[in-house]
Protein chains: 2
Amino acid sequence: METLCTHPIRYVADHTGLKPYLIRTWEERYGVVRPHRTSGNRRLYSDDDIRRLKLLKQAVDCGHNISTVAELDDKELIALVKRAAQDRSRQARQGPSEPSGSQPPSPTSAWPTIERALNSIVQLDAPALETVLSEAAVDLPRQTFVVDIVVPLFARIGDLWRTGKLKTVSEHMASVTVRSILWDMLRTVENAQDAPRIVVATPAGHRHEIGALTSALAAAESGWTPLYFGPNLPSDEIAYAVKKCNARALSLSLCHSLNASRLSVELGKIRRAAGSDLPIFVGGPGVAAAGAALERIAAMVCDDLQTFRDRLEMLT
Amino acid sequence: METLCTHPIRYVADHTGLKPYLIRTWEERYGVVRPHRTSGNRRLYSDDDIRRLKLLKQAVDCGHNISTVAELDDKELIALVKRAAQDRSRQARQGPSEPSGSQPPSPTSAWPTIERALNSIVQLDAPALETVLSEAAVDLPRQTFVVDIVVPLFARIGDLWRTGKLKTVSEHMASVTVRSILWDMLRTVENAQDAPRIVVATPAGHRHEIGALTSALAAAESGWTPLYFGPNLPSDEIAYAVKKCNARALSLSLCHSLNASRLSVELGKIRRAAGSDLPIFVGGPGVAAAGAALERIAAMVCDDLQTFRDRLEMLT
DNA sequence: AAATATTAAACACAATGTTGACATATGCAA
DNA sequence: TTGCATATGTCAACATTGTGTTTAATATTT
């Protein structure tokens, strides 16, 4: 699709998280982009320019010098950023990874953001929550936002809710708000027309969507086209969707460990209906309780989004 | 239906949210439209003109310059706006959109749109569904879109699903897609800071959100601030939310008629916890089966969105 | 007669461009 | 170590342009 449209610098700033003067300076000093000009000498950026600036910002955030990355083309930038993300997640994995799962999350700068978010959630202040999260979202690469903010935030929410320290409404409010943010991010990932498709859903009985949405986002960033069908979907329907959409993989998100026997039955049905070839990925806090059933259907259990992405990319 | 009818500038202003002088200025400076004139030199706009001005306003609200966007044709504008609808960090600079007033019936018949939507749903083609619906959404005032398209569409979906003619995945896919469209519309309604608040949710056991979202949208258009807490919320949590958020009303959406006795208990609890003063609105296909319980808690049953809006506006 | 439109000019203010300077960090050389 | 050059982010000052709004005089509609 050709991009006939052009965007003013303010728009670009909003979308990249770069300050307008920085965009100009980068252009002048390093020639990172060469925007058109209006008759009145105003810069007009294309979608490609925006993409490129986003990538450059990510690369710089990863610790690279702007002067050196400025010369790379988009493909090289993508590779660079991806490598950095993997390194970092590996590092995080080796770090204080408690098996209990929901310890105080990463020691990164994400902590204050999560605290502020949690506060808005307790106060049932959805606009505030949205503000906090979208501020964080501009500053961070998508993947980092999800891994460092969204995942730990919902781990905390789950903990607090289970111990009665958080009302159900609060959890609902958080889910509704965050799912719309994730959904928007999902739609802005551009992938090729012929990208392989992956069905994303949660099995019957599992009603929490956030995990499924994060995996859809991860899949999209790994070059797949996610087909998101939401929560609480019976096995035969999942299998039907896989076939009907001609999907090459399936991702299931298990957010709790209730009803292991029913889940086991459901999973079995899915495997039988989908055939033995279909790669089935499973993730979420509920996997622990479903161990045996998962082995039986040869599901690929992913403890975090990065391993999910790694395996997805290996499939292609 | 042929619409040769032409509209005076006042009408166009009411329907686009643009001030009359701005419409003239845009025409003079950027040639955005070229309306006919009466014998007395007054401008007469066509429906196409109105649609174009609406699109332009949307594009401008998204952060584009009117001068650059004025040159795009309608197709490009739609593409631009659809992409930009995903943007978070927008600060609205326009005044509030037009109040209800007397909306003339839509020039487009909804029927073909619904058929096309249904077709996409059966095919599990989410992008197609989104295209169909967002095309319809730019043509129609928000309220008309909801009343003439969304509501009948989901009535059809419900029928087809109950009779086994539609898969559950299809229904899921439609819900996920439409809820994101409605959510986007919801966040673009501008209302005053001090607008009275109304809590919107569905009671425990009711998991369909679309009805609740449409009522949230209706409330927003009637000058209220809806606080949306999603589906399947226990009675005490609903009551808590009402108090915590200092809401002046409550809207419940009942999408099916299962478990009437449990519902009755839930409703009773809500009324007791919320106090006898709180106006409770109830709507949706499930109201029929809940008759007695609704009377007992003095709920205001709304058969359609318009009566809901009327009663809401009477409250202020 | 009252309400509304039209035109043209002017106004006000925000957004953007350009230039030059400054601050800080980093690395290299003396 | 000190000192200097380089890389990079930031800001201030000022000119220009873009765009929403107002005003005033006139005309049309109801």
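Every heavy atom of this structure was used, including side-chain atoms; hydrogens, water molecules and symmetry mates were not. Residue numbering restarts at 1 for every chain, and letters A, B, ... go by the order of the sequence lines.
Distance, Y11(B) OH to dT4(C) P: 18 Å, rounded to whole Å. The nearest whole Å value for the distance from the CG atom in L22(A) to the P atom in dT16(C) is 15 Å. Between K57(A) atom NZ and dG9(D) atom C1' there is a gap of 13 Å when expressed in whole angstrom units. One can place CD of E27(A) at 16 Å from P of dT8(D), the figure rounded to the nearest angstrom. To the nearest angstrom, P of dA14(C) lies 19 Å from CD1 of I9(A). As rounded to whole Å, 9 Å separates atom P of dG20(D) from atom CG of L18(B). Between R10(A) atom CZ and dG17(C) atom P there is a gap of 12 Å when expressed in whole angstrom units. One can place NE2 of H64(B) at 17 Å from P of dG18(D), the figure rounded to the nearest angstrom.
In the set dT10(D), dT21(D), dT6(C), the nucleotide with an atom closest to the side chain of R24(B) is dT6(C). Taking the side chain of Y30(A) as heavy atoms from C-beta on, and the options dT10(D), dT21(D), dT8(D), the nearest nucleotide is dT8(D). Among dT6(C), dT22(D), dC11(D), the nucleotide with an atom closest to any side-chain atom of Y21(B) is dT22(D).
Judged by distance alone, with hydrogens and angles left aside, the side-chain atoms of T16(B) form a donor-acceptor pair with the main-chain N or O of L18(B) at under 3.5 Å. Judged by distance alone, with hydrogens and angles left aside, the side-chain atoms of E221(A) form no donor-acceptor pair with the main-chain N or O of A218(A) at under 3.5 Å. Here the side chain of R197(B) pairs a donor or acceptor atom with the backbone of C245(B) at under 3.5 angstrom. When atom types are taken as modelled, the side chain of D125(A) and the backbone of A128(A) share a donor-acceptor pair closer than 3.5 angstrom. In this structure a side-chain-to-backbone donor-acceptor pair under 3.5 Å is missing from N119(A) to R116(A). A donor-acceptor distance shorter than 3.5 angstrom exists from the side chain of D304(A) to the backbone of Q306(A), with no hydrogens or angles considered.
Annotation for R34(A): atom CZ does not count as buried by contact number, only 12 or fewer foreign heavy atoms lying within 6.0 Å.
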>> How would you summarise protein contacts on nucleotides 19-24 of chain C per nucleotide, using B for base, S for sugar-phosphate only and - for none, with heavy-atom distances below 4.0 Å?
In response: --B---
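Within the structure, a side-chain polar atom (N or O) of S67(B) is placed less than 4.0 Å from OP1 or OP2 of dT19(D). The side chain of W26(B) contributes an N or O atom lying less than 4.0 Å from OP1 or OP2 of dG20(D). The phosphate of dT21(D) has OP1 or OP2 within less than 4.0 Å of a side-chain N or O from K19(B).
One finds the OG1 atom of T225(B) at 10.5 Å from the CD1 atom of I198(B) (value rounded to the nearest 0.5 Å).
Near DNA chain D, meaning a heavy atom under 4.0 Å away, the residues from residues 33-45 of chain A are G40(A), R42(A).
Of all non-hydrogen atoms in P226(B) and V200(B), the two that sit nearest each other are CB-CG2, 4.3 Å.
Taking five base pairs at each end of the helix from dA1(C)-dT30(D) to dA30(C)-dT1(D), the local helix axes there meet at an angle of 20°, rounded to 10°.
Using a 4.5 Å heavy-atom cutoff, the side chains of L55(A) and R52(A) are not in contact.
Salt-bridge check for E28(A) with R24(A): failed, with every basic side-chain N at 4.0 Å or more from each acidic carboxylate O.
Defined by atom type and a distance below 3.5 Å, a donor-acceptor pair is present between the side-chain atoms of D47(A) and H7(A).
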